[in-house]
Amino acid sequence: MDSNSLFYSLELVAGSGNTLNVEQRTALQTSLVILKKNYKFHRVLFWGKILGLKEDYFIAQGRGEDEMKDKKTLYSFNCMDWMLLAPATDSVIEEVSKTAKGRFVGDPSYVYEHVEIHRPGGRDDAIQEEEVVTKVNEESRLAVTVHRIDEEASVVPRGAYLKSPHGLVQINRSFGGLSHSEAGKLDNFLHFTKAKNLKKKSILEMGDLNPAIDFLDVLSDDIPKGSWSLQLECASRVLVLRSLLWPGLTFFHLPTTPQHGHIYIGDGRKNLDLPFML
């Protein structure tokens with residue numbers, strides 16, 4: 001959610017039951033402006049909140065010239081003091097997926113441990129058993145969780161962003177919003193991350209696409225099918241998308257206006273049972 005319209009945007013996604021109190025909103029409105037100036041971001045987005053047992057993590061993202069590549073993530077406990085999160089590398093993602101389980105604690109220095117028994121000689125070779133301990137702190141888990149949600153559940157309307165011939169992704173200033181009929185179709189909403197399914201499309205399908213705006217994967221191609229809930233709320237004035245794969249992720253769009261955004265407020269755990277629930 002763009003920090004410039006945070007107050008207004010939060011009201012549009014409040015139907016999910018997750019929102020921020022007045023104190024938190026007021027603190028964010030001040031601190032995000034300072035954050036933008038200090039880090040020289042082009043704009044700042046309030047990403048959401050990950051609930052912990054002791055403390056909650058408030059997440060913000062700064063964007064540079066390229067909206068997709070020039071991105072930095074920060075977290076805070078009080079909506080005022082922000083700390084930079086390190087990027088989630090492949091090795092860190094692997095360690096976190098192997099080690100971190102259960103709810104977030106709310107302490108960045110908290111260490112998760114995972115012990116594996118290696119038997120170099122085979123299953124029955126108990127003499128040469130070797131314990132391999134993998135340790136990862138919660139700050140790394142936080143970075144990986146934000147990265148995964150961005151990869152699998154960040155949403156933008158079709159046409160909201162443009163990709164130049166040089167590969168630069170920027171906001172489409174002439175985007176006036178989807179029509180009411182377009183807003184009711186999942187095909188008109190895209191994942192704001194590097195495309196994975198476009199290369200799988202046939203030449204015939206690619207012929208109908210505009211490379212300037214159709215450079216992202218559509219939500220209707222997601223597996224499992226049915227992992228998004230699409231609804232019209234506020235007397236059909238607001239289109240709301242909710243992720244069933246990442247409960248707590250809510251996207252909104254006001255048809256015929258450029259207003260759109262998404263927020264995540266949840267415990268940071270993926271719904272792995274979804275394929276069996278559909």
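- Salt-bridge formation is not detected for the pair K54/D107: no Lys NZ or Arg NE/NH1/NH2 atom is positioned less than 4.0 Å from an Asp or Glu carboxylate oxygen.
- Using a 4.5 Å heavy-atom cutoff, the side chains of T256 and H180 are in contact.
- At least one donor-acceptor pair under 3.5 Å links the side chain of K225 to the backbone N or O of S220.
- Both L84 and L32 sit in one connected hydrophobic cluster of ILVMFWY residues. Membership requires side-chain heavy atoms under 4.5 Å apart, directly or through other members.
- Side-chain N or O atoms of E138 include one that pairs as donor or acceptor with a backbone N or O of V105 at under 3.5 Å.
- Of the inter-residue distances, the one linking L254 atom CG with L178 atom CG reads 11.0 Å to the nearest 0.5 angstrom.
- Within 6.0 Å of CG on D90 lie no more than 12 heavy atoms contributed by other residues, nucleotides or ligands.
- In this structure, a donor-acceptor pair under 3.5 Å is absent between the side chains of R141 and T99.
- Checking side-chain atoms of N271 against main-chain N and O of L244 turns up a donor-acceptor pair under 3.5 Å.
- Side-chain contact between S9 and F46: absent, with no pair of heavy atoms (C-beta onward) separated by less than 4.5 Å.
- Side-chain contact between M68 and F192: present, with at least one pair of heavy atoms (C-beta onward) separated by less than 4.5 Å.
- Tracing side-chain contacts under 4.5 Å through hydrophobic residues (I, L, V, M, F, W, Y), one never reaches V156 starting from L162; they form parts of separate clusters.
- Between Y57 and F77, the distance from one ring center to the other falls under 6.0 angstrom.
- In this structure, the side chain of H253 engages the main chain of Q259 through a donor-acceptor pair within 3.5 Å.
- The CG atom of L239 sits 5.0 Å away from the CG atom of L230 when rounded to the nearest 0.5 Å.
- With salt bridges taken as basic N to acidic carboxylate O contacts below 4.0 Å, none links D187 and K185.
- Annotation: E233, atom CD; neighbour count of heavy atoms from other residues, nucleotides and ligands within 6.0 Å is above 12.
- Just one of N172, I171, L216 meets the side-chain contact (heavy atoms from CB on, under 4.5 Å) condition when paired with Y161; it is I171.
- Linking ILVMFWY residues whenever their side-chain heavy atoms come closer than 4.5 Å, directly or via other members, places I50 and L245 in the same cluster.
- Between Q29 and F7, the closest heavy-atom pair is OE1-CE1, 3.4 Å.
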- Please walk me through it: do V96 and T145 pass side-chain contact (heavy atoms from CB on, under 4.5 Å)? CA-CA 9 Å; V96 168; T145 301; 5.7 Å; no

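- Here the side chain of T73 pairs no donor or acceptor atom with the backbone of Q61 at under 3.5 angstrom.
- Atom-to-atom distance recorded for T193:OG1 and I149:CD1 is 13.0 Å, nearest 0.5 angstrom.
- Relative ring orientation between Y264 and W47 is described as tilted, the plane-to-plane angle lying within the 30° to 60° band.
- Remark: the backbone N or O of N21 is paired with a side-chain donor or acceptor of Q24 at under 3.5 angstrom.
- Considering every non-hydrogen atom in both R148 and S97, the closest pair reads NH2-CB, 3.2 Å.
- With values rounded to the nearest 0.5 angstrom, E67 atom CD is found 14.5 Å from K163 atom NZ.
- Distance check: T19 OG1 to K49 NZ gives 8.5 Å after rounding to the nearest 0.5 Å.
- A distance-only check finds no donor-acceptor pair linking the side chain of R158 to the backbone of I213 [under 3.5 Å].
- Ion pairing of E152 with K270 is present here, as a side-chain N (NZ or NE/NH1/NH2) and a carboxylate O approach within less than 4.0 Å.
- A donor-acceptor pair under 3.5 Å is absent between the side-chain atoms of D273 and the main chain of F276, judged by distance alone.
- In this structure, R237 places its CZ atom where only 12 or fewer heavy-atom neighbours from other residues, nucleotides or ligands lie under 6.0 Å away.
- Between the S3 side chain and the V44 main chain, a donor and an acceptor come within less than 3.5 Å of each other.
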- Item | Check against side-chain contact (heavy atoms from CB on, under 4.5 Å), W82 and F58 | CA-CA 9 Å; W82 296 91; F58 295 88; 4.2 Å; yes

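- Neither L45 nor L241 shares a network with the other; the hydrophobic side chains, linked directly or stepwise wherever heavy atoms of I, L, V, M, F, W or Y lie under 4.5 Å apart, form separate groups for each.
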- Task: Output, in order, the C-alpha distance, side-chain angles, deciding distance and verdict of side-chain contact (heavy atoms from CB on, under 4.5 Å) for V240 and T250.
- Result: CA-CA 7 Å; V240 176; T250 309; 3.7 Å; yes

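- By the 6.0 Å contact criterion, NZ on K71 is enclosed, its count of non-hydrogen atoms from other residues, nucleotides or ligands being greater than 12.
- A continuous path of Ile, Leu, Val, Met, Phe, Trp and Tyr side chains, each step under 4.5 Å between heavy atoms, connects F104 with L85, placing both in one hydrophobic cluster.
- The aromatic rings of F41 and Y39 lie parallel to each other, with less than 30° between the two planes, well short of the 60° mark.
- Classified by interplanar angle (parallel below 30°, tilted 30° to 60°, perpendicular above 60°), the ring pair H262/F251 is tilted.
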- Message: Pair S227, L274 - check side-chain contact (heavy atoms from CB on, under 4.5 Å), show working.
- Response: CA-CA 8 Å; S227 57; L274 182 63; 3.6 Å; yes

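- Rounding to the nearest 0.5 Å places NZ of K135 at 14.0 Å from NE2 of H114.
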